[in-house]
There are 2 protein chains.
Amino acid sequence: MLSDVMEDYLKTIYQIQARSGPPVSTSAVADALEKTPPTVTSMLGNLEDRGLVTREKYKGAELTPEGETVALEILRHHRLLEAYLAEHLDYSWSEVHDEADALEHHISEEFERRVAEALDDPVVDPHGDPIPSADLAPLEDDEATPLTAHEVDDRVVVSRVSDRDRDELEYLADAGITPGTTLEVVDVAPFGMVTVRTGSDAEQSLPESVAEAIYVRPATDAAPAGGSTEVSDA
Amino acid sequence: MLSDVMEDYLKTIYQIQARSGPPVSTSAVADALEKTPPTVTSMLGNLEDRGLVTREKYKGAELTPEGETVALEILRHHRLLEAYLAEHLDYSWSEVHDEADALEHHISEEFERRVAEALDDPVVDPHGDPIPSADLAPLEDDEATPLTAHEVDDRVVVSRVSDRDRDELEYLADAGITPGTTLEVVDVAPFGMVTVRTGSDAEQSLPESVAEAIYVRPATDAAPAGGSTEVSDA
DNA sequence: ACGACGATTTAGACTAGCCAAAATTAATAA
DNA sequence: TTATTAATTTTGGCTAGTCTAAATCGTCGT
C-alpha cells in the first residue's frame, strides 16, 4: 500500500520532528535522505494528499497522527531488528544500523511478533533508543541531554547514543561507552572537547562531534562509575 | 546495482529453466510473476542488454552464466532464510516461503554469512530444496521424480516438496508428509489420485495436484517406512 | 501449401520517483 | 522601505517498470 520510499520519508520526518519540533523544513528532509529539495517538495505533496502530513507553504511539514503511526511502525521494525541482530546474530552495536535500514520495510507483522517474542519484548535497542510498543502508542519525550551540555564534575549515565555515524559508534564501542555506562565529566576544553572518567580511573577525551552524539541523564547516587550495561543488555 | 525486480525475473527464469530446460518462454515467466507478456518481453530485453540472458526471437530466453550466478545468489538467500525462520523463529515449513520472498533481495553478504553460520551451513531448506553453496557453484541436476510417476507397491522417500502453494504445504504438513518421510504407494486411482501408506499403517489419499508437488527418490532397503525427517531437520 | 490461431513483439501511454533550471517567496540587512 | 539572499516551489524532463491495443510471427491442421 505505502511504498518503501514514502515510509522512509515518514520515518525521517518523525526523527527530525522529535529533535527539533515541527514544522520540518524541506531542506532538512532533503539533507537527511540525500535527495534534492524539489524531490522532497514533490513527495511532501503526495504525503499530504494521503493525509500523512500537513503542510504550510514555504514553512514545512508536520506528521498527522496517521503519519506518526506509520513512522512508529517503521521505527519499531528498525529497532527490533537492531536488537535481534545484536542479540541473536552476533552483530556489534555499531554494525546493526545499516542492516536494519535495509530490512525494516520488508518484514511481516508475523515476523515482527516473533522477533519481539524471541527478545522478550525489549523496550530499547542496542543504542539505547526506545522501541515503540506493538500498539504504536506515541513515545514519551526523552529527557536525556547531550553530553556537551554538561559541566565538570557532573556524574551522568549514558541513555542512548545517536546511531547516525558508524565511525563514531565504533569509536565509542572501543572506549567502552555504551548505554548504561556511568561517566564523570573531568574536563571541558575549547571547541567542545570533553574528557570523561569511565570506570577504574580510565579517562577518555572525546571530540565535540562524538560528545554531542552521547545523550545522558543524571547519575543516581547508588550507581557506581564504570562500564555497567544494564540498559542495552536488557 | 541490479534492481529487486530484475533479481526476481532471474530467479524465476532459473526455476523454470531447471524444470523444463531452456528456452524459457515469455508467457511462462509472465504467468509465474503475474505480469503481462509485453512487460516480460520488455524486461527480457533489459536483461539481455546486461548480459544476463540470451534470447532467440519468438522462442524464449536462457540464462547466461552471469545470470545464473545472480539467480543462485537470490536462491541461496531465499533458502537460507527459510531454514533460519523454521529453525530459529519457530515458523512452520508452510509459512516460511512468503517471508523469505520479501527479504531475499535485502539482506547483506554479512547477514547471509551469519545466518549460514547460525545454521551450520545447511545444504537443504525446510522443503528439501538444495541451498546453493556460498561460492554459487551450479546446482547438480536433481534425480527426484514426482510421486505421480510411480506405481503401486513402490517404496520411496520424499526428497522435496514444491513450495509454490501454501495450502498444499499445510495439507501435507497435516498428513505428516515432509522431506525424509518414507512412503509406500498403495493405490493409483483415475485422475491422478494417489494413496500412500506413511508410517504405522496410516494411509493417505492425495489429489493429483498435491501428489505431483511431492518429489521422491527410491527408498533404500534400510530405511523403515514412517515419519523420519532427517533431511529437513538437518 | 495455406490459413487460422496462439504466442510474441511493437507501439503508445501511464505512474512513481528523481533531478536541474527557473521562478517565487520569506527573511534579513541596509 | 527596499534590496539582497537563502529557501522553497514550479516547470519540464528523465528512467524504470508496468499496462492495453495492435501488429507480427510460427506452427499445426487441413
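All figures in this text were calculated on a predicted structure; none of them were measured in a lab. Below, chains carry the letters A, B, ... as their sequence lines are ordered, and counting in each starts from 1.
Between B/Ser42 and the phosphate of D/dT18, there is no side-chain N or O to OP1/OP2 separation shorter than 4.0 Å. When the side-chain nitrogen and oxygen atoms of B/Arg55 are compared with OP1 and OP2 of C/dT9, one or more of them lie within a distance under 4.0 Å. For the pair A/Ser25 and D/dA7, the criterion of a side-chain N or O lying under 4.0 Å from OP1 or OP2 is not met. Put simply, A/Lys59 has a side-chain N or O that comes within less than 4.0 Å of OP1 or OP2 on C/dA27. Distances shorter than 4.0 Å separate some side-chain N or O of B/Ser27 from OP1 or OP2 on C/dT8. Taking only side-chain nitrogens and oxygens, B/Thr39 comes nearer than 4.0 Å to OP1 or OP2 of D/dC19. At D/dA16, none of the side-chain N or O atoms of B/Ser3 fall inside 4.0 Å of OP1 or OP2 (strictly under the cut-off). Under 4.0 angstrom from either OP1 or OP2 of C/dA16 there lies no side-chain N or O belonging to A/Tyr9. Between A/Thr36 and C/dC19 there is a side-chain polar atom (N or O) within less than 4.0 angstrom of OP1 or OP2.
Note: CE (A/Met6) to P (C/dT15) measures 14 Å, nearest angstrom. Between A/Leu44 atom CG and D/dT10 atom C1' the separation is 15 Å, expressed in whole Å. Atom NE2 in B/His105 sits roughly 15 Å away from atom C1' in D/dG17 (whole-Å rounding). Counting to the nearest Å, the P atom of C/dG17 and the CG atom of A/Asp8 are 11 Å from each other. Nucleotide C/dG6 holds its P atom 15 Å from the CG atom of B/Asp31, rounded to whole Å. Remark: P of D/dT8 and OH of A/Tyr58 are 11 Å apart, rounded to the nearest angstrom. Between B/Asp4 atom CG and C/dG17 atom P there is a gap of 14 Å when expressed in whole angstrom units. Between the CD atom of B/Glu56 and the C1' atom of C/dT8 there is a distance of 13 Å, rounded to whole Å.
Under the 3.5 Å distance criterion, with hydrogens and angles disregarded, a donor-acceptor pair is assigned to the side chains of A/Asp8 and A/His105. At a cut-off of 3.5 Å, with distance as the only test, a side-chain donor of B/Glu99 or B/Tyr91 sits close to an acceptor on the other residue. For the 3.5 Å distance criterion, the side chains of B/Thr39 and B/Ser42 fail to qualify, holding no donor opposite an acceptor.
If you check C/dA26, C/dC19, D/dG17 against the side chain of A/Lys35, the one that comes closest is C/dC19. Candidate nucleotides D/dG17, C/dT8, D/dC19 were compared by shortest atom distance to the side chain of B/Met43, and D/dG17 ranks first. Of the candidate nucleotides C/dG17, C/dT9, C/dA20, C/dG17 has the atom lying nearest to any side-chain atom of A/Asn46.
Salt-bridge formation is not detected for the pair A/Arg79/A/Glu104: no Lys NZ or Arg NE/NH1/NH2 atom is positioned less than 4.0 Å from an Asp or Glu carboxylate oxygen. Comment: B/Lys11 engages B/Asp101 in a salt bridge, judged by a side-chain N to carboxylate O separation of less than 4.0 angstrom.
Ring orientation note: the planes of A/His97 and A/His127 are nearly perpendicular, at an angle over 60° on the 30°/60° scale.
Position along DNA chain C of the nearest nucleotide to A/Val5 versus A/Pro38 favours A/Val5 as the more 5'-ward residue.
The residue B/Thr41 sits close to a base: some heavy atom pair falls under 4.0 Å.
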